[in-house]
Amino acid sequence: MTAEKQAGEHVLVIDLGTGGPKVGLVDQQGHVPACTFAPVRLLFLPDGGAENDPAEWWSSLKTCVKRVLKESGVASKDIIAVAVTSYWGVTVPVDEHGKPLMNAMSWMDKRGIRYDQEIVKGFPNVQGYKLDVLLKYVDKHGFPPSPGDALGHMLYIKHERPDLYQRTYKFFEPMDYINLRLTGKFAATQNTMVPMLVVDNRQLDRTEYDPWLLKMSTIDPDKFPELHPIDGILGPLTPEAAAELGLEPGTTVVCGVQDNSTSAVGAGSIGDGEPAAVMGTSGHMAFHLPFKKSDLTHTMATIPSGVKGSYLFWADLANTGKVLDTCLKMLLCAADTLDASEVPAEIYQRADRMASAVPAGSGGVLFHPWFNGSVSPGADEHLRGSFLNLSNNTSRSHLMRAVFEGIAMNWRWLRAPAEKLSRRTFQYWRLTGGGALSDVWAQIMADVVGIPMHRQHQPRMHNVVGMGLLAFSRLGKVDVEDIPGMVKFDRVFEPDPKNRAVYDHQYEQFSAAREKIRPVMHALNKG
């Protein structure tokens, strides 16, 4: 597009995910004239660690910003704000100059689990938690310490790397670390601090930490950043950051938002109980509710949203796009020649063709998708993936379709407890995220879950659009209530009645097999 066509005010959005940063420009109508992505490495360590290099984040997003400016024709003077959204449960310790002291500990990092468990153990015991401690965490925060949270990361650093802990000035989530690089401010919000479990969420718009939660964390209180309002303006872009990114010094930077919130906004899920099923690398469901509530049995809760005055339903399946990419490598790519960030687009089209070649039910083959353990709607870190009921007649097409169906079965498992917590009966889901680009997978989602799937136009843009429109809202240029009308959907996938009996039967066996195989997985994976 030409520069003339792109005149007008835009927000530059940085969307940092597990695979790397996506950077896009958003105008006041929610249009995205340009967007680009750069991969970063995810480093798996033999002791259960999973890390990203913050220097690689910054280098990659600098490349993306310059590319987007060039491709869009938008002048830097027309960028009125920079806004950052990111994945979360990811911990970056920095010194007093804002320099990272180690790699960021990913949400997949399990090294802090035992320290989480240590601070909540006691009698009487409920699933590893001292009962009164469990109830107080749920009441104040929404959920207790759990595998992979940022509190566990901080405790791991405190106990395993005490010298580094002493040198840590502040602990950050990724969106707040990037905003530190942009503004020089050591700041966070009630929304971005959810994984550190130190803010009382019984009321929204908190700008102070809770004394009991701080005491339970055993982390020094001065190692947490200053809390700003959820809908706050953080400050101006520093001259140094502006020069690195090719932007104007003094450009407004708004407070960051975690990506569950921006995905709901970007899919138009602003009103109460309008679910967005986000088929991204991890996979999560997000929608707004007017109340705080938790369901620990199914690992779901409401948390402070990036939308002022609202709670956000949170349920993370953790096994969607990343599982598909791993299966594509195993089934369709030459062994050990491609990593997940390098799987070419044609591979996804090939997967669709293969899955379409066999009927619903995949010839009786079942697929369990829990490659990194199960989270919502039933946490079990020891579950793993599997194909069941293979025969001499099983083809790669059967396996490919079973992968789509198995991931969809995990989403079906989520539906009933999500409806119960929200006190709503879902009439449809808004389907978004990269996985929604597959017509085959979208139709399987509708057939398996049993309700229509409304697919968002440009489903990979949900976080970019959501963060961009939130930024315009904070600048007083867009009303949040008008956002649903700006979000476009390109197709509705209706459940096929012919497949209902097949998938009802398949889901019964999927659930039964999960429970039967659980003891085997525990025996194999408890180490």
Side-chain angles (χ1 to χ4, degrees), residues 88-89 107 112-113 115-155 171 173 188-221 224-225 227 229-230 258 260-261 264 272-273 284-316 375-379 414 417-424:
W88 49 300
W107 58 272
I113 290 176
Y115 298 110
D116 269 337
Q117 295 169 338
E118 186 69 24
I119 66 171
V120 296
K121 70 180 184 181
F123 182 83
N125 181 286
V126 178
Q127 296 182 345
Y129 297 95
K130 186 180 179 185
L131 181 58
D132 64 330
V133 171
L134 173 65
L135 293 175
K136 198 160 186 177
Y137 262 111
V138 172
D139 178 48
K140 281 180 170 283
H141 184 269
F143 50 86
S146 57
D149 63 28
L151 175 55
H153 297 164
M154 294 185 292
L155 290 168
F171 286 106
E173 286 285 324
T189 74
Q190 185 181 13
N191 170 267
T192 64
M193 287 297 291
V194 165
M196 296 191 185
L197 283 76
V198 286
V199 183
D200 185 342
N201 293 326
R202 290 176 295 184
Q203 291 182 350
L204 296 171
D205 301 316
R206 298 270 191 181
T207 54
E208 58 190 22
Y209 294 104
D210 179 76
W212 184 84
L213 292 170
L214 285 172
K215 179 181 177 182
M216 290 300 296
S217 78
T218 74
I219 302 297
D220 295 312
F224 295 107
L227 287 179
I230 281 175
Q258 43 95 330
N260 285 58
S261 290
D272 293 347
H284 67 268
M285 177 173 281
F287 57 91
H288 288 94
L289 289 169
F291 53 81
K292 177 181 173 295
K293 190 173 181 181
S294 301
D295 177 356
L296 298 186
T297 301
H298 296 100
T299 321
M300 57 183 63
T302 60
I303 59 177
S305 170
V307 175
K308 184 178 177 66
S310 290
Y311 285 98
L312 183 84
F313 174 88
W314 171 83
D316 192 342
V375 186
S376 305
L414 177 68
E419 289 185 332
K420 183 176 180 180
L421 182 146
S422 65
R423 306 169 198 156
R424 273 93 174 148

For a 4.5 angstrom cut-off between non-hydrogen side-chain atoms, does [X] reach [Y]?
| X | Y | value |
| --- | --- | --- |
| Asp210 | Lys140 | yes |
| Val198 | Ile219 | no |
| Val120 | Lys130 | no |
| Met196 | His153 | no |
| Tyr129 | Gln117 | no |
| Thr299 | Asp316 | no |
| Leu151 | Ile119 | yes |
| Phe143 | Val194 | yes |

Any side-chain to backbone donor/acceptor pair from [X] onto [Y]? Under 3.5 Å, distance only.
| X | Y | value |
| --- | --- | --- |
| Thr189 | Pro229 | no |
| Ser294 | Leu296 | no |
| Ser422 | Ala418 | yes |
| Lys292 | His141 | no |
| Tyr209 | Phe224 | no |
| Arg206 | Val199 | no |

Search all heavy atoms of [X] against all heavy atoms of [Y] and return the closest pair with its distance.
| X | Y | result |
| --- | --- | --- |
| Tyr115 | Leu155 | CB-CB, 3.5 Å |
| Ala264 | Leu312 | CB-CD1, 3.9 Å |
| Met193 | Leu227 | CG-CD2, 3.7 Å |
| Glu173 | Trp88 | OE1-CA, 3.1 Å |
| Leu197 | Leu213 | O-CB, 3.6 Å |
| Ile230 | Gly306 | CG2-O, 3.6 Å |

Value for CG (Asp139) from CG (Asp132), rounded to nearest 0.5 Å, stands at 12.5 Å
Leu414 and Met285: CA distance, side-chain angles, deciding distance, side chain to side chain contact (heavy atoms under 4.5 Å, CB included) verdict: CA-CA 9 Å; Leu414 177 68; Met285 177 173 281; 3.8 Å; yes
Hey, do the aromatic rings of Trp314 and Phe287 have their centres closer than 6.0 Å? no
Validate the cation-pi geometry between Arg424 and Phe313: distance from NZ or CZ to the six-membered ring centre under 6.0 Å, angle to the ring axis within 45°. no
Criterion side chain to side chain donor-acceptor pair (under 3.5 Å) on Asn191 and Ser261, from CA distance to verdict: CA-CA 9 Å; Asn191 170 267; Ser261 290; 3.2 Å; yes
Does any donor atom in the side chain of [X] or [Y] lie under 3.5 Å from an acceptor atom in the other side chain?
| X | Y | value |
| --- | --- | --- |
| Asn201 | Gln190 | yes |
| His298 | Ser376 | no |
| Trp107 | Asp149 | no |

Taking the basic N atoms (NZ, or NE/NH1/NH2) and the acidic carboxylate oxygens, is any pair closer than 4.0 Å for Lys420 and Asp295? no
Begin with the C-alpha distance, continue with both residues' side-chain angles, and end with the deciding distance and a verdict on side chain to side chain contact (heavy atoms under 4.5 Å, CB included) for His288 and Ser305. CA-CA 8 Å; His288 288 94; Ser305 170; 2.8 Å; yes
